[in-house]
Amino acid sequence: MRNSSVSAETGRFSWPQGFAEGPANRDALLVLTGMQGLTPRAVVELSERFGDASGCLVAVVAGRGGSDADRRHAAGTDPRHVRATLEACRARMVVPGTQEYPPGMLALPDPPAALFVRGTPLDQLLPGVAVVGSRSGSSLGRDIARALGRGLAASGITVVSGAARGIDGASHEGALLVEGGGTVAVLGSGIDVAYPQRNAGLLARIEASGAIVSEYPPGVPAEPRRFPARNRLIAAAGIALVIIEGAAGSGTLITCDHALGLGRPVYAVPGPVNSPLSEVPLKLIRDGATMIRGADDLLLDLGLAGEGSDGQLAIAGLTSVEEAVLAQLAGPTLPEHVARELELTVADVVPVLMQLELRGVVRAAGGRYERCLPG
């Protein structure tokens with residue numbers, strides 16, 4: 001038996017030889033991955049002692065690993081039932097040593113012993129660029145995420161995120177705006193559990209043109225403790241991490257810590273200094289993260305060829321008056337302020353703002369107007 005190890009040359013984890021080979025080991029993984037008390041780190045440690053997945057399962061059943069609940073789970077789980085449930089939700093299990101298992105996962109100290117996937121094979125999509133941010137993202141933050149996702153997808157780069165509401169969902173949506181655009185959603189629940197439920201439609205679209213990934217088999221509920229674990233997979237699936245908005249204490253910092261631990265570059269989009277949602281990106285920039293304005297900046301820094309502007313710096317077809325009005329909207333702005341700065345009347349400015357709103361260039365927000373990003 002060859003023990004699992006981390007290669008001194010590559011820094012990548014190596015599962016024991018034959019860990020997931022053969023029907024018996026794959027059946028064992030179907031049982032092991034559903035255990036509530038067996039963390040990925042615990043599976044790694046078991047593999048170092050007992051070799052393949054079957055050996056790990058035997059050890060748990062014998063009380064040499066896991067919990068009493070895990071032993072009850074093992075006794076009550078039929079791998080054939082799990083396989084049937086996977087087939088019913090159009091999912092498959094991807095194991096180490098196969099072409100589809102993402103090499104980036106092996107840079108983790110606790111790589112998943114198996115992944116469950118719906119949609120396009122992962123080796124056709126990854127590595128990508130991870131994009132995360134606040135679930136309570138502002139309308140502007142969602143616009144930025146959508147434009148970033150669209151710009152990356154237009155350049156052939158897969159967008160990886162967590163399918164949460166807010167910034168995550170917007171980045172997926174942006175990628176889906178591009179015909180053939182690739183995006184990967186990483187879940188913190190079983191592969192058949194849409195969470196949040198409101199994003200079920202988005203997940204269906206992601207599955208149709210990209211992939212949905214989880215380290216949990218069908219039926220595993222979404223629980224708070226699973227999301228920090230999910231975040232390490234998001235970081236590992238990308239060649240870089242971009243953070244758009246996050247308040248103090250945000251879970252985006254967990255993803256950032258994982259990315260830094262993996263040696264992935266971290267980028268952040270700045271926001272207004274008086275906005276609580278700017279707390280995380282501004283702190284990261286101050287601590288050394290690279291500031292970007294959008295996809296063009298990111299692609300340039302990564303040495304990847306972009307396909308033109310992502311639309312954040314210029315908007316074609318505006319009149320000189322529209323450009324002047326738009327230039328005054330550094331944030332949510334009252335029409336009175338715009339009029340005063342341009343030495344015009346409010347009656348002159350409001351029709352221009354309304355025309356810009358009709359074109360999708362600005363939006364009304366509580367009597368004020370703010371820019372929208374194209375997309």
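Just so you know, these numbers come straight off a predicted model, no measurement behind them.
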Item to complete: Check salt bridge (charged side-chain N to carboxylate O under 4.0 Å, His left out) between Asp78 and all other residues, then give those that pass, not counting sequence neighbours.
Response: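 Salt bridge (charged side-chain N to carboxylate O under 4.0 Å, His left out) check on Asp78 returns Arg80.
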Worksheet entry | Non-neighbouring partners of Phe227 that pass ring pair (Phe, Tyr, Trp, His ring centres under 6.0 Å), sequence neighbours left out |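 For Phe227, the residues satisfying ring pair (Phe, Tyr, Trp, His ring centres under 6.0 Å) (neighbours in sequence not counted) are Tyr195.
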Worksheet item: Who are the ring pair (Phe, Tyr, Trp, His ring centres under 6.0 Å) partners of Tyr216, not counting sequence neighbours?
Response: none
If we only count heavy atoms from C-beta on, is the [X] to [Y] side-chain gap below 4.5 Å?
X	Y	answer
Leu30	Asp27	yes
Leu108	Leu233	yes
Tyr101	Leu106	yes

Determine the minimum heavy-atom distance between [X] and [Y], stating which atoms define it.
X	Y	answer
Ala74	Val31	CA-CG1, 3.8 Å
Gly128	Val160	CA-CG2, 4.3 Å
Gly210	Leu125	C-CD1, 3.8 Å

Worksheet item: Asp143 and salt bridge (Lys or Arg N to Asp or Glu O under 4.0 Å): which partner among Arg363, Arg371, Arg150?
Response: Arg363
Discussion item. Side chain to side chain contact (heavy atoms under 4.5 Å, CB included), that's the test. Do Val129 and Leu302 meet it? Break it down for me.
Written reply: CA-CA 10 Å; Val129 167; Leu302 292 175; 4.1 Å; yes
Fill in: Backbone N/O of Pro23 and side chain of Arg26: donor-acceptor pair under 3.5 Å
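No, because the side chain of Arg26 does not come within donor-acceptor range (under 3.5 Å) of the backbone of Pro23.
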Worksheet item: Any donor and acceptor pair, going by atom type alone, linking the side chain of Glu245 with main-chain N or O of Ser138 inside 3.5 Å?
Response: yes
Fill in: Arg92, CZ: over 12 other non-hydrogen atoms inside 6.0 angstrom
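Yes - once you tally the heavy atoms of other residues, nucleotides and ligands closer than 6.0 Å, there are more than 12.
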Discussion item. More than 12 heavy atoms of other residues, nucleotides or ligands under 6.0 Å from CZ of Arg198: yes or no?
Written reply: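 No, CZ of Arg198 has 12 or fewer neighbouring heavy atoms, counting only those of other groups under 6.0 Å.
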Worksheet entry | With Ala175 via side chain to side chain contact (heavy atoms under 4.5 Å, CB included) - residues at least two apart | Ala153, Val159, Thr183
Fill in: Which residues share a side chain to side chain contact (heavy atoms under 4.5 Å, CB included) with Ala204, sequence neighbours left out
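Once residues adjacent in sequence are excluded, Ala204 has no partner under the side chain to side chain contact (heavy atoms under 4.5 Å, CB included) criterion.
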Item to complete: Scan for salt bridge (charged side-chain N to carboxylate O under 4.0 Å, His left out) pairs involving residues 165-192, sequence neighbours excluded, and state none if there are none.
Response: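 Listed once each, the pairs are Arg146-Glu173.
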Worksheet item: If you round to the nearest 0.5 Å, how far is CD of Gln124 from OG1 of Thr158?
Response: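 Answer rounded to 0.5 Å: 10.0 Å.
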Worksheet item: Hey, what's the ring geometry for Phe13 with Trp15, parallel, tilted or perpendicular (30° and 60° as the breaks)?
Response: perpendicular
Practice prompt. Go through Tyr369 and Thr333 one step at a time and tell me if the side chain to side chain contact (heavy atoms under 4.5 Å, CB included) criterion holds.
Written response: CA-CA 5 Å; Tyr369 288 83; Thr333 306; 5.7 Å; no
Fill in: Hydrophobic cluster membership, Val349 vs Val362, 4.5 Å side-chain cutoff
yes
Practice prompt. Verify whether one side chain among Arg72 and Gln36 offers a donor that lies under 3.5 Å from an acceptor in the other.
Written response: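 There is no such pair between these side chains.
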